[in-house]
Each structure stands twice: as C-alpha cells, then as structure tokens.
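Both ligands and their constituent atoms are indexed starting at 1 by order of listing. Count residues from 1 along the sequence.
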Amino acid sequence: MNYRFSNKLANLAPSAIREILKATSDPSVISLAAGNPAPDAFPIEELRRHMADIMETEPITALQYGISEGYAPLRSAVADDLRERLHVGGEEDDVLIVSGATQGIALLTQALCNEGDVVLCEEPTFVGSLNAFRAFGAKPVGVPMEDDGISIEALRAACEAHPNAKILYLIPNFQNPTGITTSLEKRKAALALCREYGLVLLEDNPYGDLRFAGEDIPAIKTMDTDGTVLYCGSFSKVLAPGIRVGYLCGNRALLAKLTVGKQTQDVHTNGLAQMAAYRFLTGGNYHAHLKSLPEIYRRKYRVMRDAIEAYFPKAAKTTEPEGGLFVWCTLPDRVDSAAFCKEAAEHKVAVVPGAAFLSDPNGTSHAFRMNFSTPTDDAIREGCRILGALLHEKL
Ligand SMILES: Cc1ncc(COP(=O)(O)O)c(C=O)c1O
C-alpha cells in the first residue's frame with residue numbers, strides 16, 4: 001500500500017533520539033541519552049496500594065467513562081497544591097487534567113494555531129514539544145538561549161518578525177535539553193513581551209520539583225494578571241511517567257476550548273491513573289516524597305559532575321544545572337556534534353546530538369545532551385571516561 005501521509009506528519013523526522021535509542025537496546029551500550037526520571041524515585045509500593053484499593057472500593061468510577069476536564073477530586077487537589085506551594089492560579093483560572101504534559105502542549109497548539117502559525121521557543125528545546133507544534137501545523141521558530149534563559153533581545157526581534165506568532169513556549173526550570181534556569185528578570189521580560197505582542201506564554205514546568213541547588217524562582221504564572229500564561233505541570237517526574245497524568249492551569253475560557261480539543265484526542269485521561277494520582281497527592285506522604293527527590297538527583301548529578309571534571313577537556317563547556325535531569329555539553333564550532341555522537345555510539349556510549357533539539361530539522365549543532373538520572377553511577381563514570389577520551393582526541 002502506498003500510504004499518502006498528511007503534510008503535518010510528513011515533516012516529522014523520526015527523531016535523532018529514536019535513532020540513538022535504537023543503539024541503546026544493545027545492552028553493551030552505556031546510555032546517557034535517556035530523558036527518564038530516576039527509577040528509584042518511583043513510589044512503587046504506595047501506587048500499588050492505592051491502585052489495588054481503588055479497584056477494591058471504587059472500581060466503577062475507575063473503569064467507567066469520566067469527564068474530559070478530569071477526575072473532579074484530582075482537579076481540585078491539583079488546584080490547591082498549585083496555589084499553596086507555587087502561588088499559581090487566580091480567580092479566572094481553572095485546571096484541566098491531561099494525559100501528560102505532552103498532551104497539554106499539543107492541545108494548546110491545536111486550539112490556537114492555524115497552518116503555518118509560528119510558535120516561538122527556546123533554541124534548543126524539548127524535541128517532543130517541537131514535534132507537537134509541527135503535528136498541528138505550527139512552525140516552531142527558535143530564539144537563542146543564553147546562560148540565564150532565552151535572549152530577550154532576540155525574542156523581541158522574533159516577535160517583530162513573526163506577526164503570526166501565537167505562542168511563546170518556555171521551560172523556565174532546568175530546561176530540557178540545556179539544564180538552564182531562566183532568571184527572574186527574563187521571566188518578567190518574556191511575560192511583558194507576550195502581553196505586548198498578544199502571545200500566549202506556555203510555561204512548561206515538569207522539572208520544578210527536582211531542584212537540588214540554588215533558590216526557587218517564582219513561576220511566570222504567578223505574575224500573570226490577564227490570562228496570558230498557561231501553566232503546564234506533570235506527575236511524570238514526581239510520581240511516574242507511565243501513569244500519563246499531567247495538568248494545565250490557565251484561564252477558564254482558554255481551557256474550555258482545549259477541553260473540546262481533548263475530546264477529539266482521548267476523551268479523558270486514564271481514570272485509574274487519575275484516581276491513584278489523587279490519592280497520592282492527598283494521602284499524607286506527598287510532601288515527604290517531594291522532599292526526598294532532590295537528594296536522589298543531587299547525588300546522581302554529583303557523580304556526573306565529578307566524572308566531567310576528571311575526564312573532559314576544558315574546551316568542552318558543560319552547563320551546571322541546579323536541578324532536573326540533563327547536562328548540556330558545547331564543543332568548539334569546528335566540531336559537528338552529530339558526527340561526534342555517532343562516533344561515541346560506535347564506542348558504545350549514547351548521547352543525544354544537539355541538532356535533535358533545533359527548530360530547523362536540518363540545522364547543525366556543536367552540542368550534545370547527557371542524562372544523569374537514569375544510568376547507574378558506574379555507567380555515568382565509564383560513559384564520561386569514554387566520551388572524555390574521544391573529546392581529547394578531537395579538541
Ligand atoms: C520539557 C518537557 N516537557 C514535557 C515533557 C513530557 O512530559 P509528560 O511525560 O508529562 O508528557 C518532557 C519529558 O521529558 C519534557 O522534558
């Protein structure tokens with residue numbers, strides 16, 4: 001059969017990450033390529049208990065169709081948690097439960113973007129979001145990252161250059177892939193520009209609870225007074241990504257439109273998973289669990305940082321994240337990271353080439369992403385040793 005695929009998906013490259021991950025199915029390959037949370041952070045016992053109890057006491061609620069907005073007790077528990085811990089959510093705001101942040105990002109694009117409309121984003125940025133933008137016909141346009149977040153000067157220029165820009169997409173905490181945190185000044189400046197140019201600011205914050213150094217910076221949503229910001233959160237990194245539960249907090253009228261979109265995608269998020277997330281959130285251990293996470297990530301990061309210091313040449317510049325899952329390594333301009341990552345894979349270490357995170361799928365990058373949350377300590381050390389030896393050969 002000659003499948004005549006739609007233009008929307010024809011433009012989606014089978015991502016470089018997927019290609020790299022193919023190599024990682026070989027057990028002899030050390031993978032620093034994943035974007036997974038640390039498996040020892042999953043509260044397995046507690047989830048097992050909650051799910052068993054739900055199936056014992058409320059099976060019909062879990063198994064019956066639910067409403068698209070989400071399981072009502074979870075919606076209000078999420079709203080309370082956002083308000084109490086992050087000061088996120090105002091009078092005009094509501095919460096929509098989504099099947100992972102990925103769906104939230106797709107729903108906003110679906111709701112706002114016509115074919116060819118522009119989504120401004122950090123360059124580099126999370127490849128899953130780039131693909132969500134493209135899948136709904138939007139065109140991602142990258143705005144360069146600096147050490148303290150998106151370049152505000154370049155953002156203003158991009159707003160001027162693209163009158164059909166509808167969304168600014170930011171990952172302000174421990175960004176994927178760079179690990180960079182956006183400063184308070186830049187959060188304010190980005191919000192002001194969105195107001196001036198009529199863009200919705202999509203604040204994607206899946207890693208906010210994984211801070212292991214430095215001080216919390218207020219979410220952009222806390223500064224929102226007119227519905228400009230749509231805040232996107234997820235249980236993927238604090239509970240488990242496999243349950244596929246995330247949430248949006250934003251203006252009620254905007255969310256009503258996204259809810260219609262959700263009805264065309266999956267009707268509602270998995271009922272059992274929502275109910276388990278609710279019990280987890282309100283069951284008494286939630287805050288203690290959140291407090292336990294930074295230590296796990298701090299320790300893993302330390303292992304990678306020590307290995308970088310020991311093995312990498314100084315010409316390879318690495319970011320020093322204050323949380324999250326990733327370190328970003330930038331090589332001198334003469335080194336193409338795609339070729340470097342290919343060679344690293346031949347030496348049995350997988351990292352993700354920077355080009356995978358660019359808004360232009362044919363762009364080139366001199367950087368690559370390393371993950372420290374999933375591999376074992378020994379794998380981090382050995383992976384960095386092998387990468388370091390290769391880097392010394394190149395630089
Ligand atoms: C920045 C960012 N946003 C969203 C997601 C997807 O999260 P979810 O599992 O909630 O769909 C990820 C996953 O790695 C991510 O890095």
Exercise for the section: State whether Lys237 and Asp209 are salt-bridged, where the test is any N-O pair (Lys NZ or Arg NE/NH1/NH2 against Asp/Glu carboxylate O) under 4.0 Å. Expected result: no
Problem - Test item: side-chain donor near acceptor, Thr181 and Asn173, under 3.5 Å - result: no
Handout entry: Which residue and heavy atom of the protein sit nearest atom 11 (O) of ligand 1, plus the separation
Key = Thr102 OG1, 2.6 Å
Practice task
Return yes when Gly246 approaches ligand 1 closer than 4.0 angstrom through a heavy atom, no otherwise.
Solution key: no
Exercise for the section: Would you please indicate yes or no on a ring centroid separation below 6.0 angstrom for Tyr247 and Phe235? Expected result: yes
Handout entry: Minimum-distance protein heavy atom relative to atom 3 (N) of ligand 1
Key = Asp204 OD2, 2.6 Å
Problem - Protein contact to atom 9 (O) of ligand 1 [nearest heavy atom, distance to 0.1 Å] - result: Ser236 OG, 2.6 Å
Practice task
Say whether Lys237 and ligand 1 are in contact under the criterion: heavy-atom distance to a ligand atom below 4.0 Å.
Solution key: yes
Problem - Side-chain donor-acceptor contact under 3.5 Å, Gln175 with Tyr207 - result: no
Handout entry: Side-chain H-bond candidate by donor/acceptor type, Thr269 with Lys262, under 3.5 Å
Key = yes
Completion exercise
If we number the atoms of ligand 1 from 1 as shown, the ones under 4.0 Å from a heavy atom of Arg244 are 8 (P), 9 (O), 11 (O)
Handout entry: Under 3.5 Å side-chain donor-acceptor pair for Asp224 and Tyr231
Key = no
Practice task
Considering heavy atoms of the protein only, find what lies nearest to atom 7 (O) of ligand 1 and give residue, atom and distance to 0.1 Å.
Solution key: Ala101 CB, 3.8 Å
Exercise for the section: Considering the heavy atoms of Ser234, write down every atom of ligand 1 situated less than 4.0 Å from one of them. Expected result: 8 (P), 10 (O)
Handout entry: Distance-only side-chain donor-acceptor flag, Ser373 / Tyr297, under 3.5 Å
Key = no
Problem - Within-shell test, Gln103 vs ligand 1, heavy atom, strictly < 4.0 Å - result: no
Problem - Whether Phe312 and Phe368 hold their rings parallel, tilted or perpendicular, with breakpoints at 30° and 60° - result: tilted
Exercise for the section: Measure the distance from atom 5 (C) of ligand 1 to every protein heavy atom, then report the residue, atom name and distance (to 0.1 Å) of the closest one. Expected result: Phe126 CE2, 3.4 Å
Exercise for the section: Please report which non-hydrogen protein atom sits nearest to atom 15 (C) of ligand 1, along with the residue it belongs to and the distance in Å to one decimal place. Expected result: Tyr207 OH, 3.4 Å
